Amino acid sequence: MEKMPYQPDMDRPMTTTAVKQTRTTTVSTDWRQNLPVLGGTKVTLRELELTDAPSLFAMLTPEEVSRFISPPPTTVEGFEKFILWARAERAAGRYACFAVVPNGMTTAIGLFQIRQLEPGFATAEWGFAIGAQFWGTGVFVDGGHMVVDFAVEVLGVRRLEARAAVANGRGNGALRKLGAVQEGVLRRSFLKNGQHLDQMLWSILAEEWRQAKATWGRGLIH
Ligand SMILES: CC(C)(COP(=O)(O)OP(=O)(O)OC[C@H]1O[C@@H](n2cnc3c(N)ncnc32)[C@H](O)[C@@H]1OP(=O)(O)O)[C@@H](O)C(=O)NCCC(=O)NCCS
C-alpha cells in the first residue's frame, strides 16, 4: 500500500485478455468484471471480499507493517470501505487489488495493488503489504511474481514502478529480489508521520520481464 493515493485516472477501453500464468492455468477473463484467481506454489491471489476486512485489519495495522506505507484504515469498517472502493476502481478499469491467501487458508494476510499512472496502464505503480508473521516465508516472491506477470500480460503494463522509503530495508530488498531495477532517489517524496522521507524509485520493464521468463521460465527472480 505504498503511495497509493487512490485517485482514479481515465478509463481504458474494455477488452478480453488471455494469459498463461507462469505457475498455474491459463487465465481468460475480463479483469474489470472480476479479478482472476491466480494460484502459486505458496499462495492464491484473488479478488478482495468484504469478509477479508477483519484479517486485513489484524495483519496490516501493526506498526512494523504500516511504518513505511500510506496509513491503512484504522478499523475493520475502514477496511470494508477500502474493499468496496477497490472493487469499484477495478470495475472502472483503473486499479487492481489482489488479496493474498496462503495455501491451506481462506483469509487474506496481505495485499498486492496496481494502479495506472496513465490511461491504459502502460505505466503503472504497484505496492504490497503482508502480515509480519509471513515475512521471509516466500509468500511475497510467489505472489509478487504472479502480480508482475498479470500486470505485464493482462493489464498491458510496459513499465511497472514501485516506490519504497529508503529506510524500508525489507521493501527495497523484496523489490530487488523480484528483479526490479533501482533508478534513483525521490528526495523527500513521502510524507509519513509529519516527516518527508526519501524514497527509492524502482522499475520493471515488460521486455525485461518477458526475456527473463523465456530464459529462466519464471521472471526476473534472483
Ligand atoms: C515488503 C514485504 C511485502 C516483503 O515481504 P517479505 O516476506 O518481508 O520479503 P522477503 O523476505 O521475501 O524479501 C525481503 C528481502 O529483504 C532483505 N532485507 C531485510 N531487511 C533488509 C535491510 N534492512 N536491508 C536490505 N535488505 C533487507 C531480506 O533479507 C530479504 O532478502 P533475502 O530473502 O535474500 O534474505 C513485507 O516485508 C511487508 O509487508 N512489509 C511492510 C509493508 C511494506 O513495507 N511494503 C512495501 C512498500 S514498497
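In each ligand, atom 1 is the first atom listed, and ligand 1 is the first ligand listed. The structure presented is a predicted model; accordingly, all values stated were derived computationally and were not measured.
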Under 4.0 Å between heavy atoms, the region of N172 that gets near ligand 1 turns out to be neither

Is there a polar contact, in the sense of an N or O pair closer than 3.5 Å, between L175 and ligand 1? no

Query - Polar proximity ligand 1 side, F128 side, N/O cut 3.5 Å exclusive - result: yes

| Can you find an N/O atom of K177 closer than 3.5 Å to an N/O atom of ligand 1? | yes

Within 4.0 Å of some non-hydrogen atom of A164, the atoms of ligand 1 are 48 (S)

Requested in this report: Go through the steps for W85 and Y95 under the test ring pair (Phe, Tyr, Trp, His ring centres under 6.0 Å), then give the verdict.
Outcome: CA-CA 10 Å; W85 174 89; Y95 169 89; 4.8 Å; yes

| query | Using the benzene-type ring in the case of Trp, are the ring centres of F98 and F150 under 6.0 Å apart? | reply | yes

- Query: Going by the angle between their ring planes, with limits at 30° and 60°, are F112 and W126 parallel, tilted or perpendicular?
  - Reply: parallel

Check your understanding: Going by heavy atoms, is R163 under 4.0 Å from ligand 1?
Key -> yes

So, S189 versus Q199: side-chain donor-acceptor pair below 3.5 Å or not? yes

Nearest heavy atom to atom 11 (O) of ligand 1, choosing from R170, R67, Q199, belongs to R170

Ligand 1 N/O within reach of E64 N/O, cut-off under 3.5 Å = no

Ranking V139, L60, N168 by closest non-hydrogen atom to atom 44 (O) of ligand 1, top hit is N168

CZ (R170) and CZ (F140) are apart, to the nearest 0.5 Å, by 10.5 Å

The reported gap from OG1 in T41 to NE2 in H145 (rounded to nearest 0.5 angstrom) is 10.0 Å

Touching ligand 1 at all, G136? Heavy atoms, strictly under 4.0 Å?
yes

Is there a donor-acceptor contact under 3.5 Å from the side chain of E183 to the main chain of W202? no

Distance col, row D142:CG vs L45:CG, nearest 0.5 angstrom, shows 7.5 Å

At under 4.0 Å between heavy atoms, what of F140 touches ligand 1? The answer is side chain

Looking only at non-hydrogen atoms, the one of A180, G169, G173, A129 nearest atom 27 (C) of ligand 1 is G169

